[in-house]
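If you read the sequence from its start, that first residue is 1, and numbering goes on from there.
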Amino acid sequence: LSSVPSLHGDADADLVPIKGNPPSLINLPSGCAFHPRCRYADRNGDRSRTDVPELRQVVERGHLVACHLPEAARQRIYRDEIAQVGVAR
Ligand code: SF4
């Protein structure tokens with residue numbers, strides 16, 4: 001989310017780029033396709049590299065998520081690292 005411009009956030013806030021390049025869509029990485037570029041992939045041991053995360057509904061926010069991180073960890077990352085830089089949605 002920090003790499004995407006926001007219509008509602010601080011227009012002067014710096015975007016946070018995602019390292020590396022997008023993967024080939026005909027040769028996706030194993031496990032979570034984002035793991036080579038995800039700064040949080042190591043927080044799950046090897047799970048992000050080996051297991052495709054299941055798409056689950058996040059009830060209280062009305063959207064879907066496919067990530068091995070527990071809900072509390074994702075919320076903590078969003079609160080402490082993403083919303084803090086002024087590009088939160
Ligand atoms: S499962 Fe979540 S933490 Fe792991 S690589 Fe994918 S997006 Fe990152």
**Request:** Given side chain to side chain contact (heavy atoms under 4.5 Å, CB included), test Glu81 with Tyr40 step by step and report yes or no.
**Result:** CA-CA 12 Å; Glu81 301 180 33; Tyr40 310 108; 2.8 Å; yes

**Asked** Are Arg49 and Asp42 close enough that some pair of their side-chain heavy atoms sits under 4.5 Å apart?
**Response** yes

**Item:** Nearest heavy-atom neighbours spanning Val16 and Ser3
**Value:** O-CB, 3.1 Å

**Request:** Applying side chain to side chain donor-acceptor pair (under 3.5 Å), name anything that partners Asp51, two or more places apart in sequence or on another chain.
**Result:** none

**Request:** Could you check Leu55 against Val65 for side chain to side chain contact (heavy atoms under 4.5 Å, CB included), going step by step and ending with a plain yes or no?
**Result:** CA-CA 6 Å; Leu55 189 62; Val65 62; 5.9 Å; no

**Item:** For Ile26, the rest of its hydrophobic cluster, which grows through side-chain links under 4.5 angstrom
**Value:** none

**Request:** Take Leu69 and Arg43 through the side chain to side chain contact (heavy atoms under 4.5 Å, CB included) test and state the conclusion after the steps.
**Result:** CA-CA 8 Å; Leu69 289 175; Arg43 297 188 187 192; 3.9 Å; yes

**Prompt:** Do Asp46 and Thr50 pass the side chain to side chain donor-acceptor pair (under 3.5 Å) test, and can you show the C-alpha distance, the side-chain angles, and the key distance before you say yes or no?
**Reply:** CA-CA 6 Å; Asp46 283 340; Thr50 59; over 6 Å; no

**Prompt:** Do Arg47 and Cys32 pass the side chain to side chain contact (heavy atoms under 4.5 Å, CB included) test, and can you show the C-alpha distance, the side-chain angles, and the key distance before you say yes or no?
**Reply:** CA-CA 8 Å; Arg47 194 164 180 216; Cys32 175; over 6 Å; no

**Nearest non-hydrogen partners of Ala41 and His35, listed with the distance** = CB-O, 3.7 Å

**Residue pairs passing the salt bridge (charged side-chain N to carboxylate O under 4.0 Å, His left out) test where at least one lies in residues 15-39, sequence neighbours excluded** = none

**Asked** Which atom names give the shortest non-hydrogen contact between Pro23 and Leu28, and what distance separates them?
**Response** CG-CD2, 4.0 Å

**Message:** If you count heavy atoms of other groups shown closer than 6.0 angstrom to CD of Glu54, is the number above 12?
**Reply:** no

**Item:** Gap separating the CD1 atom of Ile77 from the SG atom of Cys67, nearest 0.5 angstrom
**Value:** 7.5 Å

**Prompt:** How about Arg56 and Leu64: do any of their side-chain heavy atoms sit closer than 4.5 Å?
**Reply:** no

